[in-house]
Undergrad: 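The structure follows.
These numbers come from a predicted model, not from an experiment. These values consider heavy atoms only, across backbone and side chains, with no hydrogens, waters or symmetry-generated copies.
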Amino acid sequence: MSQQMSKQYNPSAVEKSWYEWWEKSGFFVADAKSSKPPFVIVLPPPNVTGALHIGHALTAAIEDAIIRWRRMSGYNTLWVPGTDHAGIATQVVVEKKIMRERNLTRHDIGREKFISEVWDWKTKYGGTILKQLRRLGASLDWTRECFTMDEKRSRAVTEAFVRLFKNGLIYRDLRLVNWDCVLRTAISDIEVDYIDIKEKTLLKVPGYEKPVEFGVLTSFAYPLEGELGEIVVATTRVETMLGDTAIAIHPDDTRYKHLHGKFAIHPFNGRKLPIICDAILVDPNFGTGAVKITPAHDPNDFEVGKRHNLEFINIFTDDGKINSNGGSEFEGMPRFEVREMVVDALQKKGLYRGAKDNEMRLGLCSRSNDVVEPMIKPQWYVNCKDMAKQSLDAVTDNECKKIEIIPKQYSADWKRWLENIRDWCISRQLWWGHRIPAWYATLDDDQLKEFGAYNDHWVVARNEEEAEEEAKLIYAGKKFHLTQDPDVLDTWFSSGLFPLSVLGWPDNTEDLKAFYPTSALETGHDILFFWVARMVMLGITLGGDVPFRTIYLHPMIRDAHGRKMSKSLGNVIDPVEVINGISLEGLHKRLEEGNLDPKELAVAKEGQVKDFPNGISECGADALRFALISYTAQSDKINLDIQRVVGYRQWCNKLWNAIRFAMSKLGNDYVPSKNVTPDALPFSCQWILSVLNKAISRTVSSLEAYEFSDATTAVYSWWQYQLCDVFIEAIKPYFSSNDTEYASARSHAQDTLWLCLENGLRLLHPFMPYVTEELWQRLPYPKSSTRPESIMICDYPSVTEEWTNESVETEMDLIVSAVKSLRSLAKESRERRPGYVLPRNDVVAETINKRKLEIVTLANLSSLTVINDNDAAPVGCAVSVINENLSVYLQFQGAISAEAELEKIKKKMEEVRKQQEKLKKMMDASGYKEKVRPHIHEENVNKLASLMQELLSLEEAGQHIQAHR
């Protein structure tokens, strides 16, 4: 590349072409036959029809940093991209599209045509998020891109189901399930969000114009058979009384105990309801829709005892309306409208006995926000007990531990969930998804011809031909007809197989042999159970080993105020808008294109005006990546402030200018040397290489420990505070003239500068790939070495032992502290002024005298004089006591107020005394010596002595000023 550089960093110009070249060059592709050790990550598959959100950007930034670092560290890296078919989410999107465009439902057009429509939608919009991942610089191996419903992954899903079924781990059962009346499908327990309701509360429910009342316990009476009076029961779901089959009396409820064995009469359908007080009738975990209990007793108060075989009657249709079991007068009415109608009817019959506030937990579907309805439905389940135990042991059993969870706090959540796991309902009543590979055999001699009537008539097979062959063996000599189950599998079932299926399982492919188990799984902590635990269970059971060795869980992103991102608040941050920049008008336009109602739109726009009054500046992918990774120290939630991203974009400009400075000082004919002799280098060159060593060590150790924020801090601090702020400034005198005095130092400074920039860019590359490639390509390269094509296939920096020099670092620490104090005294003054240094011991004095050039240069002084206690204090000086061993003075033209300087010294002395008193109090406390380790006590003693000496130094400085007023 040309060494000519534009004066300003422009992210769009830098980032526009590198990615295409990286991909075409094959830098992202892993080789299954490589002799290098593998390092494998599977990208958590985003929804195929989705767009990149800020959570995806965080995932991509972290994972790409890991992969680029490992690639540069000699690993055969594989980062597998893929997308998820997202059964419910995708089906809902396409259903809405068909309704909006043609006013048709999926049932109107039929299953086959609807699925074709979804595939068309996937083809049109499915690549959006993958293009956006490229924009972020994600170095994914696109040759292995997959989709959960492509041919290979679909085959893996079928094989997994068949194997689990044949091993007795999948079964079909008629059970109470969580039913979503909007989506018309069963959902799993962990797809139910619970809200706590303290009192009567009106909530908006999908499909209802008026808010629905919750948090109310309604009491009503059942008349007893034989005119024996009545029994009063209570419920928060009064509409479910239409399906009541029994009344439960708590064993301690003496009011009604004598009625055990009697019958109540249902006021709407005349059904006889047995009254039972010797057992629980329904498991409280499944609710009490079929049974009413007497007031003041919660179903959880009942103990499991004798059971009564009572029929559970479904009174709701799949879309939440009353069916014929609920009574003809209510048939076809929505369930929550019937709630009010039942209360009115009970009042007219004289059976209503009042209502009161009732604290309750209400289950809502996390996808549709519908109120979950318990319904009896036949479904397919995975028996999780043994798989959960193995998955738990893989994390918690120290003797056979195979997985580490980071941060460690989530291991407790892992343990709690797997110890209390329930069987996993994997069937969904959708059309878009993997059709369940099970066929129902209807025999000619079956008494019941209804589909699914006999639970032992199911045949599980890989395809219909195999099912026919198996059915012929099972029902030899009988006539039968096979019908495939119309249901599809839970999306999490296919994504749970992802680490296996992306590598070619169930075939024993080269990829599977080389790359399974994968190395790490990086994702948000919110799907630890939805996805991560299920991958581990299925990986152990089907793959013979855990699917990964490390689980890293990143924080959830909130806005700068700590609020969850929501379209209605207007605080959703689109990463592409941060990369490219967007005006406030553009942000408003995006809101207007959504589906917010007018009130929500007004609130959202107001939020945008407050948070982004000038829109969002163009930041580029590098700045966004670096900011997101730097935030990961907040292990639970990230409060994302866009101004921090803007700050890193400005920092990219500083990097740009550092390279521009270097190019101007290296010159067109400069040929770098990879080897330098540290002892021959000028002081500042020795120092920058020594601290570079530390930055490399800290960055690598932080990356190895998954402490990504610490890694970014180590890199940033070296570039910003050591290379740019100190070293580049310190070497400027060597280049200010062609003075022969500096010829050797100038040459050494060039070599050191090149080493710093070349190592520093490689150190930074995993976090900021674009700008580092752009700048690295402009650097000259040693003729003795073959230049790698790209920075991304260079070696990652490693510590060079001979560069480490602790004594030089100690000297520079002293110099930098003196410089900072002198700069602080200068404040806004741009004039170069004389400075004075008062060292109080020989070691400090020797260092200051040796390093006058560095102090004068960095503090921008006109001169520097070293004085001692016997010298007269310089007149007209401001003073700063750095520590007990060093004070500095800066001379100003005209008189300096002695009173002001004395006041500053007085305040500083007060601060030091407070520190001294606090430390003394701690050391004098009862039990201090017993509790504190010896080396800590020694540190405290030395600190106390240092504070005492600092006080004496401050007193001396004050006396110095007093004497020369």
Side-chain angles (χ1 to χ4, degrees), residues 43-44 46-47 50-66 136 190-196 364 366-367 369 404-417 520-533 550-579 587 603-604 607-608 610-612 616 619 623-648 702-703 705-713 716 767:
L43 177 77
N47 289 359
L52 197 73
H53 61 60
I54 203 71
H56 292 133
L58 175 61
T59 294
I62 294 171
E63 292 184 17
D64 195 41
I66 297 170
L136 265 172
I190 55 177
E191 288 171 303
V192 180
D193 294 334
Y194 288 94
I195 59 171
D196 292 315
L364 304 176
S366 60
R367 298 181 181 277
N369 214 37
E404 181 184 8
I405 295 180
I406 302 170
K408 289 181 179 177
Q409 70 207 50
Y410 293 108
S411 295
D413 295 337
W414 182 268
K415 184 173 186 289
R416 184 172 60 254
W417 190 72
L521 184 279
E522 188 282 334
T523 190
H525 63 75
D526 58 327
I527 54 173
L528 182 61
F529 311 123
F530 277 105
W531 188 43
V532 183
T550 302
I551 298 168
Y552 174 78
L553 301 168
H554 66 236
M556 296 295 99
I557 299 183
R558 301 287 185 261
D559 71 6
H561 313 291
R563 301 173 304 175
K564 193 172 181 178
M565 290 192 182
S566 159
K567 290 178 183 176
S568 60
L569 291 174
N571 63 349
V572 172
I573 295 172
D574 180 338
V576 175
E577 292 173 352
V578 179
I579 292 171
L587 290 170
V603 170
Q608 288 182 337
K610 187 177 179 182
D611 287 346
F612 313 112
I616 297 173
C619 294
L624 176 61
R625 288 168 58 118
F626 199 87
L628 290 172
I629 296 171
S630 72
Y631 265 118
T632 55
Q634 302 173 16
S635 65
D636 186 34
K637 294 182 185 70
I638 288 172
N639 293 346
L640 178 61
D641 187 346
I642 291 300
Q643 289 309 307
R644 185 160 170 176
V645 186
V646 173
Y648 286 124
S702 297
L703 286 168
Y706 289 79
E707 299 287 351
F708 302 110
S709 179
D710 290 351
T712 57
T713 298
Y716 180 89
F767 311 103

Undergrad: Are H525 and D636 packed together at the side-chain level, in the sense that at least one heavy-atom pair is separated by less than 4.5 angstrom?
TA: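 SC-SC contact between H525 and D636 confirmed.
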Undergrad: So, taking the atom named CG in L58 and the one named CD1 in I54, what distance separates them when rounded to the nearest 0.5 Å?
TA: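 If I round to the nearest 0.5 Å, the distance is 8.0 Å.
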Undergrad: Give the minimum heavy-atom separation between I195 and L364, together with the two atoms involved.
TA: CD1-CD1, 4.0 Å
Undergrad: Measuring from C619:SG to Q643:CD, what's the distance to the nearest 0.5 Å?
TA: 8.0 Å
Undergrad: Return the set of residues passing side chain to side chain donor-acceptor pair (under 3.5 Å) with D710 (not counting sequence neighbours), or none when no residue passes.
TA: none
Undergrad: Tell me every residue that passes ring pair (Phe, Tyr, Trp, His ring centres under 6.0 Å) with F767, counting only those two or more places apart in sequence or in another chain.
TA: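 For F767, no residue satisfies ring pair (Phe, Tyr, Trp, His ring centres under 6.0 Å) once neighbours in sequence are set aside.
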Undergrad: Do you know which two heavy atoms are closest between S630 and S709, and how far apart they sit?
TA: O-OG, 2.8 Å
Undergrad: Could you tell me which residues satisfy side chain to side chain donor-acceptor pair (under 3.5 Å) with E707, sequence neighbours excluded, listed by chain and number?
TA: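 In terms of side chain to side chain donor-acceptor pair (under 3.5 Å), with neighbours along the sequence ignored, E707 is linked to no residue.
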Undergrad: Looking only at non-hydrogen atoms, find the nearest pair between A711 and S702 and report the distance.
TA: N-CB, 3.6 Å
Undergrad: Without swapping roles, check the side chain of T632 against the backbone of L628 for a donor-acceptor pair under 3.5 Å.
TA: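 No.
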Undergrad: Output all residues satisfying side chain to side chain donor-acceptor pair (under 3.5 Å) with N369, sequence neighbours left out; order by chain, then residue number.
TA: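 Checked N369 against side chain to side chain donor-acceptor pair (under 3.5 Å); zero matches.
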Undergrad: Can you measure from CD (E522) to CG (L43) and round to the nearest 0.5 angstrom?
TA: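 Here the rounded value is 9.0 Å.
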Undergrad: Write down the atom of S411, the atom of I405, and the distance for their closest heavy-atom approach.
TA: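 That would be OG-CB, 3.7 Å.
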Undergrad: Can you sort out the partners of V192 under side chain to side chain contact (heavy atoms under 4.5 Å, CB included), two or more places apart, ordered by chain and number?
TA: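 Partners of V192 under the side chain to side chain contact (heavy atoms under 4.5 Å, CB included) test: N178, I187, Y194, V372.
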Undergrad: List for me each residue that meets ring pair (Phe, Tyr, Trp, His ring centres under 6.0 Å) alongside F612, sequence neighbours excluded, and say none if there are none.
TA: none
Undergrad: Of all residues at least two apart in sequence or in a different chain, which pass the side chain to side chain contact (heavy atoms under 4.5 Å, CB included) check with D413?
TA: Y410, R416, L528, F529
Undergrad: Can you name the closest pair of heavy atoms from V645 and A627 and give their distance?
TA: CG2-CB, 3.7 Å
Undergrad: Hey, which of Y648, F708, Y631 is the one that makes ring pair (Phe, Tyr, Trp, His ring centres under 6.0 Å) with F626?
TA: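 Per the ring pair (Phe, Tyr, Trp, His ring centres under 6.0 Å) rule, the option paired with F626 is Y648, out of Y648, F708, Y631.
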Undergrad: Just verifying a value: how many Å separate N571 CG and L587 CG, rounded to the nearest 0.5 Å?
TA: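 Taking CG in N571 and CG in L587, the distance rounds to 11.5 Å.
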Undergrad: Going by the rule side chain to side chain contact (heavy atoms under 4.5 Å, CB included), which residues pair with H53 if we only count those two or more places apart in sequence or in a different chain?
TA: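 Listed in chain order: H56.
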Undergrad: Got a second to check how far K564's NZ is from I557's CD1, nearest 0.5 Å?
TA: 13.0 Å
Undergrad: Rounded to the nearest 0.5 Å, what separates atom CD1 in I629 from atom CG in D64?
TA: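 Between I629 CD1 and D64 CG, I get 8.0 Å after rounding to 0.5 Å.
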Undergrad: Salt bridge (charged side-chain N to carboxylate O under 4.0 Å, His left out) with K415: which residues, sequence neighbours excluded?
TA: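 Result, salt bridge (charged side-chain N to carboxylate O under 4.0 Å, His left out) vs K415: E419.
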Undergrad: Which atom names give the shortest non-hydrogen contact between A533 and W417, and what distance separates them?
TA: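 In terms of heavy atoms, the two residues are closest at CB-CZ3, 3.6 Å.
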Undergrad: Run the side chain to side chain donor-acceptor pair (under 3.5 Å) test against D611 and tell me which residues pass, sequence neighbours left out.
TA: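 H561.
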Undergrad: Can you name the side chain to side chain contact (heavy atoms under 4.5 Å, CB included) partners of T523, sequence neighbours left out?
TA: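 With neighbours one apart ignored, the set is P44, L521, I527, W531, V532, L553.
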Undergrad: Does E191 reach the side chain of S366, with side-chain heavy atoms less than 4.5 Å apart?
TA: yes
